[in-house]
Undergrad: 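Let me give you the structure first, and then I'll get to my questions.
For the single chain, residues carry numbers from 1 onward in sequence order. Counting starts at 1 for both ligands and their atoms, following the listed order.
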Amino acid sequence: MSATARKTAPMPDDIRAMKGGTPIVSLTAYTTPMAQMMDAHCDFVLVGDSVGMVLHGLPSTLGVTMEMMILHGRAVARGLTRAMMVVDMPFATYEESPAQAFRNAARLMAETGAGAIKLEGGRHMAETITFLVARGVPVMAHIGLTPQSINTLGGYKVQGRGAAAESLLADARAVSDAGAFSVVLEKVPAALAGQITADLPIPTIGIGASAACDGQILVVDDMLGLFSAFKPKFVKRYATLGTDGEAAIASYAKEVRARSFPGPEHSFSEKAPS
Ligand code: KIV
C-alpha cells in the first residue's frame with residue numbers, strides 16, 4: 001500500500017508485509033518541519049544518528065547521545081501523523097548487553113513515541129535483537145557499512161565485496177532469524193543486495209545498495225543538498241537548498257547594508273491596518 005493511500009500510521013508488521021511489493025519509501029528527519037514535509041510521502045521516517053553530523057557538526061556519529069536522539073525524536077514525532085517513526089540507538093547504548101539495550105530502547109520508545117528502534121550490527125547483535133523483540137521492542141537492523149564502526153571498518157568503505165559476501169549474507173540471515181522486522185543494507189554491492197533481498201523473508205532497505213532492495217532510505221539533508229561536507233556516490237541530489245539558501249542570505253545581507261530592506265511594505269505606520 002502506498003503512503004498516500006494509507007489512513008493510519010503503519011506498524012512494524014505493516015512494513016514487514018511490504019516485502020516484495022511496492023518499494024518502501026523512507027528518509028531521515030530530525031526536526032518537526034522536515035517531518036511534516038515527508039509525512040505524506042514516506043512509509044517510515046528514521047530519526048538517524050546521522051543527526052550528529054548533519055545538524056550538530058560532529059565528525060562522525062560516535063558522539064551522538066541518548067539525549068540528542070530523544071530531543072530530535074520528540075521533534076519529529078510532532079510532525080508525523082501517518083508515517084511510522086523509527087529512532088536510532090546511539091553508539092555505546094546497546095552493545096554491552098541485551099539488558100543495557102532494553103533499558104535504552106525502552107527509554108527511546110517511551111520518551112519519543114517511536115514505533116521501533118534501529119541498531120547496527122549483524123551476527124553479534126542477534127542475541128540482543130531476540131531479547132528486545134521478546135520484550136516488545138520492534139527492531140530494524142542495519143548491516144553493511146555501519147557508521148558507528150568506522151574505526152574498525154577502516155572508513156566509509158563498500159562492504160561485502162569478494163570473500164566478505166558470505167559473511168554479510170550470514171549477518172543478514174542472523175538479524176532476520178533473530179526477529180528484526182526489516183534490515184538496512186548500507187553500501188553493499190548491487191548483486192549481493194539482490195541476493196540478500198531474495199534470501200530474506202523481511203524487507204531490505206537500501207542506502208547505496210541498489211534498486212534490488214525492498215525499499216530505499218536517504219539522509220534528507222543529502223538529497224536536498226543541505227549537507228555538503230561530502231557527497232557519497234549513492235546520494236542523488238533532488239534540490240540544491242544549501243546553495244539556494246546561501247544565495248538568499250547573501251541577498252539579505254546586501255539589502256540590509258544598502259538599506260533597501262526592510263522596505264515600506266515591511267514597516268508599520270502610526271495608523272492601522274497593521
Ligand atoms: O543515521 C542514519 O541516517 C542512518 C541511515 C543512513 C540509514 O542510519
Side-chain angles (χ1 to χ4, degrees), residues 15 23-31 34-35 38 42-66 68-73 75-76 83-95 104-105 108 112 114 116-122 125 129 139-150 153 155-160 168 171-172 175 180-188 193 196-197 202-210 213-224 226-227 229-237:
I15 300 292
I24 298 164
V25 179
S26 59
L27 285 169
T28 66
Y30 320 107
T31 63
M34 279 292 189
M38 62 184 73
C42 289
D43 298 297
F44 76 86
V45 168
L46 172 71
V47 187
D49 62 352
S50 49
V51 67
M53 298 173 74
V54 168
L55 287 198
H56 294 269
L58 294 174
S60 74
T61 56
L62 298 182
V64 173
T65 63
M66 284 287 289
M68 287 162 80
M69 296 312 298
I70 289 168
L71 186 73
H72 289 284
V76 169
M84 185 177 82
M85 183 171 87
V86 180
V87 177
D88 255 345
M89 298 206 66
F91 178 62
T93 67
Y94 60 96
E95 300 90 330
N104 286 316
L108 277 183
T112 66
I117 59 89
K118 177 167 81 57
L119 54 77
E120 296 183 6
M125 291 312 301
I129 293 171
V139 177
M140 177 176 287
H142 182 160
I143 62 170
L145 171 61
T146 45
Q148 293 174 8
S149 303
I150 43 156
L153 293 177
Y156 296 93
K157 295 176 184 160
V158 174
Q159 301 295 311
L168 198 60
D171 280 337
V175 297
F181 71 92
S182 61
V183 57
V184 170
L185 303 182
E186 180 163 353
K187 256 189 152 175
V188 173
I196 293 174
T197 301
I202 59 170
T204 56
I205 311 294
I207 174 162
S210 88
C213 295
D214 295 299
Q216 299 295 325
I217 188 163
L218 282 177
V219 170
V220 70
D221 291 61
D222 284 342
M223 57 89 76
L224 292 180
L226 275 168
F227 182 71
F230 52 85
K231 182 193 161 304
K233 180 184 176 187
F234 57 74
V235 171
K236 176 172 175 183
R237 288 224 166 111

Undergrad: Please check whether Tyr30 reaches ligand 1 - meaning an N/O of the residue sits under 3.5 Å from an N/O of the ligand, judged on distance alone.
TA: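 Between Tyr30 and ligand 1 (N or O atoms, distance only) the closest approach is not under 3.5 Å.
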Undergrad: Between Met53 and Val219, is there a side-chain heavy-atom distance shorter than 4.5 Å?
TA: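 They are not in side-chain contact.
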Undergrad: Find the distance between CG (Asp214) and OG1 (Thr197) and round it off to the nearest 0.5 Å.
TA: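 Here the rounded value is 5.0 Å.
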Undergrad: Using a 4.0 Å heavy-atom threshold (strictly under), name the region of Leu46 that reaches ligand 1: side chain, backbone, both or neither.
TA: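 For Leu46, the contact with ligand 1 is made by the side chain alone.
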Undergrad: Enumerate the atoms of ligand 1 whose separation from the nearest heavy atom of Gly48 is less than 4.0 angstrom.
TA: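 Counting atoms of ligand 1 from 1, those under 4.0 Å from Gly48 are 1 (O), 2 (C), 3 (O).
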Undergrad: Run the numbers for me: atoms of ligand 1, each under 4.0 Å from some heavy atom of Ser50, listed by number.
TA: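 Per the distance check, 1 (O), 2 (C), 3 (O).
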Undergrad: Roughly how far apart are Asp221 CG and Leu27 CG, rounded to 0.5 Å?
TA: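 Those atoms lie 10.0 Å apart.
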Undergrad: Using a strict 4.0 Å cut-off to heavy atoms of Asp88, name the atoms of ligand 1 that fall inside it.
TA: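 Answer, ordered by atom number: 1 (O), 2 (C), 8 (O).
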Undergrad: So, taking the atom named CD1 in Ile196 and the one named CD1 in Ile143, what distance separates them when rounded to the nearest 0.5 Å?
TA: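 Ile196 CD1 to Ile143 CD1: 5.0 Å, rounded to 0.5 Å.
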Undergrad: Which ligand 1 atoms does Lys118 reach within 4.0 Å, using its non-hydrogen atoms?
TA: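 Once the distances to Lys118 are compared, the set is 4 (C), 8 (O).
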Undergrad: Roughly how far, to the nearest 0.5 Å, is CD of Gln159 from NZ of Lys187?
TA: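 Reported to 0.5 Å precision, the distance equals 9.0 Å.
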Undergrad: Please check whether Asp49 reaches ligand 1 - meaning an N/O of the residue sits under 3.5 Å from an N/O of the ligand, judged on distance alone.
TA: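 In this structure, Asp49 places an N or O atom under 3.5 Å from an N or O of ligand 1.
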Undergrad: Which pair of heavy atoms, one from Met68 and one from Gly52, lies closest together, and at what distance?
TA: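 Shortest heavy-atom separation between Met68 and Gly52 comes out as CE-CA, 4.1 Å.
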Undergrad: Checking contacts here: is it the side chain or the backbone of Val219 that comes within 4.0 Å of ligand 1, counting heavy atoms only? Could be both or neither.
TA: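 Looking at Val219 and ligand 1, just side chain atoms fall under 4.0 Å.
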Undergrad: Please could you name the atoms of ligand 1 that Ile207 approaches to less than 4.0 Å, counting only its heavy atoms?
TA: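 Within the 4.0 Å cut-off of Ile207, ligand 1 contributes 6 (C).
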Undergrad: Using a 4.0 Å cutoff against the non-hydrogen atoms of Thr28, which atoms of ligand 1 qualify?
TA: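 Listed by number with element: 3 (O).
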Undergrad: Ignoring hydrogens, what is the shortest heavy-atom contact between Gly144 and Val188? Give both atom names and the distance.
TA: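 For Gly144 versus Val188, the nearest heavy atoms are CA-CG2, 4.1 Å.
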